[in-house]
Structures are given as structure tokens and as C-alpha cells.
Amino acid sequence: MSNYAPLEVSFIKGNGCYLIDDKKNKYLDALSGVAVVNLGHCQQDIVKAIQDQAAKLIHTSNWYQIKHQQNLAEKLCKLTDMDRAFFANSGAEANEAAIKISRIYANKKNIKNPIILTAKKSFHGRTMATLSATGNDNVKKGFAPLLEEFIHVDFNDINAIKKHINNENIVAVMLEPIQGESGVIIPDDNYLNLVRKICDNNKWLLILDEVQTGIARTGKLFAYFYNNITPDLLTIGKALGNGVPISACLAKGNAAKLFTPGSHGSTFGGNPLVCSTASKVLDIIKRDNIANNAVKMGDYIACNLKNKLVSSEKIVEIRHKGLMLAIELNQDCSSLLQQALDNKLLINITGKSIRLLPPLIINQKQADILIAKLVKIINEL
Ligand SMILES: Cc1ncc(COP(=O)(O)O)c(C=O)c1O
């Protein structure tokens, strides 16, 4: 179907930060399949883990116990201070699970018209519920009627949330710790702490969507580690499997007890292949100090871009947290997508911003190449 408009390039091989097309051209990947291959393309331990598990057992069913799933759940819960996990196959499905848990929570409290507060300019997925949660009218166009149980508030504005404390229908607040799809929008350091407090005081669930920010992208395993809080529900996807489709909704406390046998499910979710791969991803993140590299290289790239573009009147702002970066320009820059491709560089454009999500294993030499290519195409714009 024509829901995608792919660029004129087809890749046949990947290695670390590089992709090779069918004409043997080599591209520097500063997008990571949109924050998915955080460990780089075809990381050898991941390839081996997939091969080994594929040769043993790929899929059974959640009608039987799956040791790999239990192990991964325990590992994730230990790392995040959460209690239980539900596994699915995409970010949207993880968020869908969190929304369904909020519904059960509301029904138990006898709230007939439950409402979840979400942020303007947020992105939570493309299923009907997650689309309704999303705060971007462009992706919603043509799909009305949507679910009415979401109120969208300004991101990074604590008063916009406080305004609703007397609304007895509110059951949860759902946020990305850093908004990714809208161009790397980073809130104030204390924002999530304040949101957590409001949720506690009002018995609202705090749902953090770390589908894009998770798995060391921002320089910590999860972005909320920068705050002194734990969410009630945490959704993860994208880089959890480094390219193998797996996502999870983790839950804590009361929220972890709301699903009961039969209340939710997924045929593929949490099968032996994806769980053993994700488990290996978490091991490598720790073993190779991947989060530290994300901080170091994120600072290096941002700092050098600022220095090299300091005299460019086109630059409005350069934002970053770890290796989640955006260069905001004073003009539409959609033409840079093709310009970058012509220069053998893969990036993303969101409105007036260039978004960069390179693999977290990027080294200084590769970062220098990235910086040089970016400066060139921005100056030529
Ligand atoms: C924050 C966030 N949540 C959810 C999603 C949806 O994930 P998926 O495309 O795997 O359904 C995305 C995808 O970009 C995302 O960035």
C-alpha cells in the first residue's frame, strides 16, 4: 500500500554504523532504523544469539511457560525497579497495554468516563487508541472518530496538568520523557518529578512511554533514571531487540496486578527468539558501557556542531540528551533528507529540525564524519 514513500535506496548489508546499498555504496547511519539498532547493525553477539536460539526453538505460545520470557521479565524489572512485564511486538502495542491497564484501573474505581492526560506534540503509536493518545493532528487526519478519553496538555507545563486535579475522571498521565517524533523536545529537569507528585497526590497512574528514549538512547538505560522517580507503567520497544520485534509494558505495584488470565494477550509477544535476543541486548548494554558512550559521543557531536555552525544564521537551536539530537533551523529543511542521502548519510527531518539517532556505539572518527557531512549540507541549504 502507499502509506510509505521510501527514498530511492535499498540496503542489502549492515555493519555497525554503516549500511551498504545494492550498488555497493556505503552510508553512515545516523538514524538507526529510527532508534532501533542502538548496538549497531548486525552486532556479532546479537547475530549469534539469534542464530543459536533460532536453531533451538523460535516460538511456542503463551499457553505454555516460556523460560526466556520469565528471565527477561526478571532482568527488566530488576533494572527498572518495576514488578511485572507484559510482552508485545511494537511500541504501539506496549502503549495499548498500558492504556488497557488504565481502563481496568478506572473501572475498579467506578469511573465511567475515564480520561488520560497526554501531551500536545506527543507520539504514542498508530493503533486507534495510541493514535487517540498522540498529540499530533497530522497523523490523526482521516481517522475520526477517535477514542475520546484523552485530554492533551502542553508538554513541560506543570500548571497545564495541575488544572485538571479536580476532574474526577482523570486516571493517568501518559508522557514521553523526551518527545522524539516532534523533534527531540527536552523538558525541564524537574518536570517528571513534579508530574509524579501530582499523580501520587491524586492517585493517577504515571505512564512513561520510553519506546524511543529507552535502552540507553539518552545516556541512561531509561530517561526517567535522570529523575528520582518510578512510573506505574513503563513502555519499551524499538531498541529492546536491536531489530528483532519486541516491546514490553512493565508495571509496578497495584498497576501490575490488574491484568488477569484472559484479559490481554499476543500470539507472538514474548516468544523464545525475541526474548533471548532482548536479554542479550541488555547484557551488552551493560558489558560495553553503552550508556556512557551515548553521553560522551552525544556531548561531542552537539558541542562540535555548535562550534562549527556558530556563525550560521540558519541555526535556531541544537538540542540533545545522550545520542538523541536535533538541530532546529529557521526554515523548512525537508530537502536535506535527499541532500544527506546524496552525501551517503541517513538522517530524519521533523518540520524545521534535523533529528539524529545514531547507533550508540558510534566512535569519535565516525562522529567527525557525521559532523562534517552535516555542516556541509546545512551550509549548502
Ligand atoms: C515514543 C514512541 N512511542 C510509540 C511509538 C510507536 O512504536 P511502533 O512504531 O513500534 O508501534 C513510537 C514510534 O516512533 C515512539 O517514538
Side-chain angles (χ1 to χ4, degrees), residues 1 3-4 6 31-38 86-102 116-136 138-140 143 146-147 150 152 155-156 172-187 191-192 195 206-218 221-224 231 233-250 266 268-270 274 277-278 281 319 321-326 346-351 353 355-357:
M1 297 196 191
N3 53 318
Y4 300 111
L31 191 57
S32 306
V34 199
V36 170
V37 291
N38 282 9
F86 165 79
F87 291 101
N89 319 282
S90 65
E93 284 171 275
N95 285 333
E96 194 78 31
I99 293 166
K100 284 181 79 174
I101 289 172
S102 309
I116 298 175
L117 298 180
T118 59
K120 291 177 185 166
K121 298 188 178 163
S122 61
F123 185 79
H124 297 292
R126 297 200 183 248
T127 61
M128 289 307 282
T130 57
L131 194 59
S132 309
T134 291
N136 175 348
N138 287 339
V139 296
K140 297 181 173 193
F143 294 106
L146 296 170
L147 271 70
F150 298 94
H152 297 92
F155 188 56
N156 195 25
V173 179
M174 180 174 188
L175 296 169
E176 297 159 85
I178 293 173
Q179 293 187 328
E181 292 304 291
S182 58
V184 188
I185 311 299
I186 306 170
Y191 177 62
L192 286 185
V195 177
L206 175 60
I207 307 170
L208 290 185
D209 176 348
E210 292 240 21
V211 168
Q212 187 160 151
T213 49
I215 316 297
R217 172 57 56 190
T218 68
L221 187 62
F222 292 99
Y224 77 85
L233 294 158
L234 170 66
T235 57
I236 318 169
K238 288 188 180 278
L240 180 58
N242 210 59
V244 169
I246 176 170
S247 67
C249 173
L250 306 188
S266 161
F268 293 130
V274 294
T277 309
V281 167
R319 300 181 286 272
K321 191 100 177 170
L323 278 168
M324 198 167 177
L325 303 105
L346 306 180
I347 57 170
N348 171 252
I349 306 291
T350 322
S353 292
R355 184 169 50 142
L356 304 169
L357 301 160

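Values in this document were obtained by computation on a predicted structure and should not be read as measured data. As the structure lists them, so they are numbered: ligands from 1, and atoms in each ligand from 1.
The proximity of E93 to ligand 1, defined as any non-hydrogen pair under 4.0 Å, does not occur for either the backbone or the side chain. Only the side chain of N95 comes within 4.0 Å of ligand 1, counting heavy atoms alone; its backbone N, CA, C and O stay farther away.
Residue G125 has no N or O atom closer than 3.5 Å to an N or O atom of ligand 1.
H124 and T134 share no donor-acceptor pair across their side chains, judged by distance under 3.5 Å alone. With 3.5 Å as the limit, one finds no donor-acceptor pair spanning the side chains of S353 and T350.
Shortest contact from atom 16 (O) of ligand 1 to any protein heavy atom: Q212 NE2, 2.8 Å. Nearest protein neighbour of atom 11 (O) of ligand 1, counting heavy atoms only, is A92 N, 2.8 Å. With respect to atom 15 (C) of ligand 1, the closest heavy atom belonging to the protein is F123 CD2, 3.8 Å.
When each of L175, N156, L206 is tested with L192 by the rule side-chain contact (heavy atoms from CB on, under 4.5 Å), just one qualifies, namely L175. Among the candidates K121, R355, R126, the single residue satisfying the salt bridge (charged side-chain N to carboxylate O under 4.0 Å, His left out) test with E181 is R355.
Residue-environment remark: CZ (F268) stays at or below the threshold of 12 foreign heavy atoms within 6.0 Å.
At least one heavy atom of K238 sits less than 4.0 Å from an atom of ligand 1. Ligand 1 is approached by D209 to a heavy-atom distance shorter than 4.0 Å.
Protein heavy atoms are absent from the space less than 4.0 angstrom from atom 9 (O) of ligand 1.
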* Asked: Step by step, would you call R217 with I178 a side-chain contact (heavy atoms from CB on, under 4.5 Å)?
  -> CA-CA 11 Å; R217 172 57 56 190; I178 293 173; over 6 Å; no
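Interface of G91 with ligand 1, defined as ligand atoms under 4.0 Å from a residue heavy atom, comprises 7 (O), 8 (P), 10 (O), 11 (O). Ligand 1 places these atoms under 4.0 Å from at least one heavy atom of E176: 1 (C). Remark: ligand 1 atoms within the under-4.0 Å shell around heavy atoms of S90 are 10 (O), 11 (O).
Put simply, the side chain of N95 never gets that close to the backbone of G125: no donor and acceptor are under 3.5 Å apart. Under the 3.5 Å distance criterion, the side-chain polar atoms of Q212 are left unmatched by any main-chain donor or acceptor of A35.
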